[in-house]
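Model, not experiment: these values are computed from the prediction. Chain identifiers are assigned alphabetically (A, B, ...) following the order of the sequence lines, protein sequences preceding nucleic acid strands; residue numbering begins at 1 within each chain.
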Amino acid sequence: MLKIYNTLTRRLEPFKPIDPNNVRMYVCGMTVYDMCHIGHARVLVVFDVVFRHLRHLYGPEHVTYVRNVTDIDDKIIQRANEQQVDIDTLTGRYIEEMHKDAAALNVLPPTFEPRATRHMADIIEMIQALLDKGYAYRADNGDVYYDVSRFEHYGQLSGKNPEDLRAGARVAVDEAKDDPLDFVLWKAAKPGEPAWDSPWGPGRPGWHIECSAMSTHCLGEHFDIHGGGLDLQFPHHENEIAQSEAATGEHFVNYWMHVGFVRVDEEKMSKSLGNFFTIREVTARYQPEVLRYFLLTSHYRSPLNYSDVQLENAKGALTTLYTALRGITPAGEADLDDPLARRFLDALNDDFNTPEALAVLFELAHEINRMRSDDPAGAAGRATLMLRLAELLGLLYQAPEDFLRGGSGEGGPSDAEIEELIAKRNEARKNRDFAEADRIRDALAEQGVILEDGPEGTTWRRE
RNA sequence: GGCUGGGUGGCAGAGUGGCUAUGCAGCGGCCUGCAAAGCCGUGUACCUCGGUUCGACUCCGGGCCCAGCCUCCA
């Protein structure tokens, strides 16, 4: 039985889908005005594991995963102006880059990936519904705002109470708002800004209403899981609840999931602090799978400290797993009733405890290593299970040799050159010229190539 | 100031009221021409002060410290 920690209730709850034949999840995706960083990668990878596990539990065709793209906002407009391109060109470019990053990280494409600018009709319709029901008002400056005071449960997701928020309001109160907590649904266009027609004049939507409209359009008024980074809990998700429940009269979402921050030197990684690393920067130095592994080494709600030491650690761990699989041909069906399989699945069922799941993979790797010489068939069976389980984490998807030889080979010897040197070395070994053999091995080691002599011959890998 | 979450071994990171997490690194041994990999073994933990308990790292309370939200942010 899957249990999920629900931010809304601050409790671990059994997961009961509204419709087991169509489990529905919405995750707030990227605002596409720049390259994705490691914080974005964590959200992509964590919800990819959630998606994979839900597909495993309910069947691949019974899970609908929506991850939106925010392709209109202040920063996009600003960046497009800076680069002298129209916003579609800019956002198109970064959506493409995001897709490359996601693919590199072995993140499955979501079922739908709606873009705000392609859902203007839905957005406008929802704003109109809020106006009609008295939850929104038009301000003197042409903007449309949500009237927070009308929504009884405001603050329930983030555990905030509106009075405290008003007392602590740090931002200069916008003259146009009736209440500092009110937030914009529709921004009247300023000269030179991209704009869409609406009953309230040309303008563009506020960020929050986009997600309410897109999620409702794709998943209906009431769905199972809504996720995102922890920084979206307030105000974004709080506002989504206020909008959607006011507009539809339905309970919006059953389970809210929030991913913890990636930190650098004990500080949140973020654009505004400038302490971020892009996915592209990291994958230039480490294989993408190393990054994916690293992101799964801590529980998704815990903070995750980013550092090179951690990535080296991840690389070493993944090397251990792939080394166990090397030279083994998986055979047969994976037995998911096996005690280790159960432990693995129990871990994922326990609010997606990926560190515990990873521990099981190492136990299987050890079994394979113990069995490989005396019981090849048994080892092959364990390998089959290991790969089947790893697939739920989106790991171990490469051929072992490809991973092991795919290290940082920049500028080093080519595969062919390595093979040639190994042949030379083996010739020397045959002649018991160990000085020469060691010289070749040391020379290769200098260049990041590790040789391993085994009963089946010499294998190699890149560090 | 209001509200969250957290403090576990050299590092990272799960977890449990009494029973080996796991990975990386270390140490001893086996294997190896020597290594590497692998296997066997092994050391080092649970912020602090009280309380509950036969027994607490694990539950309760105080303290200290860290991170985050209250403003755009995954």
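Side chain of A:T323, nearest nucleotide from B:A21, B:A74, B:A37: B:A37. Nearest nucleotide to the A:E452 side chain, out of B:G5, B:G33, B:A37: B:A37. Candidate nucleotides B:C73, B:G23, B:G5 were compared by shortest atom distance to the side chain of A:F362, and B:G23 ranks first. Taking the side chain of A:F434 as heavy atoms from C-beta on, and the options B:U71, B:G33, B:A21, the nearest nucleotide is B:G33. Considering only side-chain atoms of A:R425, the nucleotide from B:A74, B:C34, B:C72 that sits closest is B:C34. Closest to the A:T320 side chain, of the nucleotides B:G38, B:A36, B:C70, is B:G38.
For the C1' atoms, the distance from B:C59 to B:U20 is 24 Å, rounded to whole Å. The gap from the C1' atom of B:A25 to that of B:G43 amounts to 13 Å, rounded to the nearest Å. When the C1' atom is compared between B:G17 and B:U53, the two are found 9 Å apart, to the nearest whole Å. With P as the reference atom, B:G5 and B:A36 are 48 Å apart, rounded to whole Å. Spacing of P atoms, B:G1 relative to B:A12, comes out at 30 Å, to the nearest Å. Nucleotides B:G9 and B:U4 place their P atoms 27 Å apart, quoted to the nearest Å. For the P atoms, the distance from B:C11 to B:A45 is 12 Å, rounded to whole Å. Distance check on atom P: B:C54 versus B:U48 gives 24 Å, rounded to whole Å.
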| How does each nucleotide of nucleotides 9-15 of chain B score, in 5' to 3' order, for protein heavy atoms under 4.0 Å: base (B), sugar-phosphate only (S), or none (-)? | ---SSSS

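Across all strands, A:G159 comes closer than 4.0 Å only to sugar-phosphate atoms, never to a base (heavy-atom distances). Counting non-hydrogen atoms under 4.0 angstrom, A:A359 reaches a base of the nucleic acid. Among the protein residues, A:R263 comes within range of the sugar-phosphate backbone only, with heavy atoms under 4.0 Å from sugar or phosphate atoms but none that close to a base. Within 4.0 Å (heavy atoms only), A:D453 reaches at least one base atom of the nucleic acid. Note on A:F234: only backbone sugar-phosphate atoms sit closer than 4.0 angstrom, heavy atoms only; bases stay farther off. Contacts of A:K268 with the nucleic acid, taken as non-hydrogen atoms under 4.0 Å apart, include base atoms. Residue contacts for A:T459: at a heavy-atom cut-off of 4.0 Å it reaches no nucleic acid atom on any strand shown.
Residue side chain A:R42 does not reach the base of B:A74 through any donor-acceptor N/O pair under 3.5 Å, judged by distance alone. A donor-acceptor contact under 3.5 Å is not formed by the side chain of A:D74 with the base of B:C72. Evaluation of atom-type donor-acceptor distances gives a pair under 3.5 Å for the side chain of A:D438 against the base of B:G33. Looking at A:K315, its side chain has no donor and acceptor atom pair within 3.5 Å of the base of B:C24. Contact of A:K75 with B:C73 (side chain to base): no donor-acceptor pair of N or O atoms is detected under 3.5 Å.
Other residues, nucleotides and ligands contribute only 12 or fewer heavy atoms inside 6.0 Å of the CZ atom of A:R432. Other residues, nucleotides and ligands contribute at most 12 non-hydrogen atoms within 6.0 Å of the CZ atom of A:R342. No more than 12 heavy atoms of other residues, nucleotides or ligands lie within 6.0 Å of CD in A:E420, so this atom counts as exposed by the packing criterion.
Salt bridge status for A:R67 with A:D48: absent, with no side-chain N to carboxylate O gap under 4.0 Å. Of the charged side-chain nitrogens involved, at least one lies within less than 4.0 Å of a carboxylate oxygen, so that A:R439 and A:E436 count as a salt-bridged pair.
No hydrogens or angles considered: nothing links the side chains of A:T7 and A:R301 as a donor-acceptor pair under 3.5 Å. Between the side chains of A:T91 and A:R115, at least one donor N or O sits under 3.5 Å from an acceptor N or O. Between the side chains of A:N431 and A:D433, not a single donor N or O lies within less than 3.5 Å of an accepting N or O.
Heavy-atom minimum distance, A:F47 versus A:G227: CZ-CA, 3.5 Å.
Atoms CD (A:Q233) and P (B:U71) sit 14 Å apart, rounded to a whole Å. Per the geometry, CD belonging to A:E367 stands 11 Å off P belonging to B:C40, to the nearest Å. The CG-C1' distance, from A:D231 to B:C3, rounds to 17 Å in whole Å. One can place NZ of A:K160 at 13 Å from C1' of B:G1, the figure rounded to the nearest angstrom. Atom CG in A:L318 sits about 19 Å away from atom P in B:U22, given to the nearest Å. Computed from coordinates, the A:R67 CZ to B:A74 P distance equals 13 Å when rounded to whole Å. Atom CG in A:L451 sits about 14 Å away from atom C1' in B:U32, given to the nearest Å. The separation between A:R441 atom CZ and B:U32 atom P is 15 Å, rounded to whole Å.
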| task | Could you walk me through whether A:F252 and A:F223 pass ring pair (Phe, Tyr, Trp, His ring centres under 6.0 Å), step by step? | result | CA-CA 7 Å; A:F252 183 38; A:F223 55 92; 5.3 Å; yes

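A 3.5 Å limit on both hydrogen-bonding distances identifies B:U4 as the Watson-Crick or G-U partner of B:A67. Across all strands shown, B:G9 remains unpaired; no Watson-Crick or G-U wobble contact has both distances below 3.5 Å. When Watson-Crick and G-U wobble pairs are counted only if both distances are under 3.5 Å, B:G17 pairs with no nucleotide at all. Across all strands shown, B:C59 forms a Watson-Crick or G-U wobble pair with B:G51, both key distances being under 3.5 Å.
For the pair A:A365 and A:G260, nearest-nucleotide mapping onto RNA chain B gives the more 5' position to A:A365. Each of A:G454 and A:V360 lies near RNA chain B, and the nucleotide nearest A:V360 is the one positioned closer to the 5' end.
OP1 and OP2 of B:G2 both lie 4.0 Å or more from every side-chain N or O belonging to A:R166. Within the 4.0 Å cut-off from OP1 or OP2 of B:G38, not a single side-chain nitrogen or oxygen of A:H366 is found.
Partner A:L325 forms a side-chain contact (heavy atoms from CB on, under 4.5 Å) with one of A:Q398, A:M386, A:R382, A:E401 and no other, that one being A:M386. Each of A:E240, A:E238, A:Q233 was scored for a side-chain hydrogen bond (donor to acceptor under 3.5 Å, both in side chains) with A:H236, with one residue passing: A:E240. Partner of A:L232 under the side-chain contact (heavy atoms from CB on, under 4.5 Å) criterion, out of A:H237, A:H208, A:H226: A:H237 alone.
Residue pairs meeting the ring pair (Phe, Tyr, Trp, His ring centres under 6.0 Å) criterion with at least one partner in residues 300-321 of chain A, sequence neighbours excluded, are A:F277-A:Y306.
Residues of residues 373-388 of chain A that place a heavy atom closer than 4.0 Å to RNA chain B do not occur.
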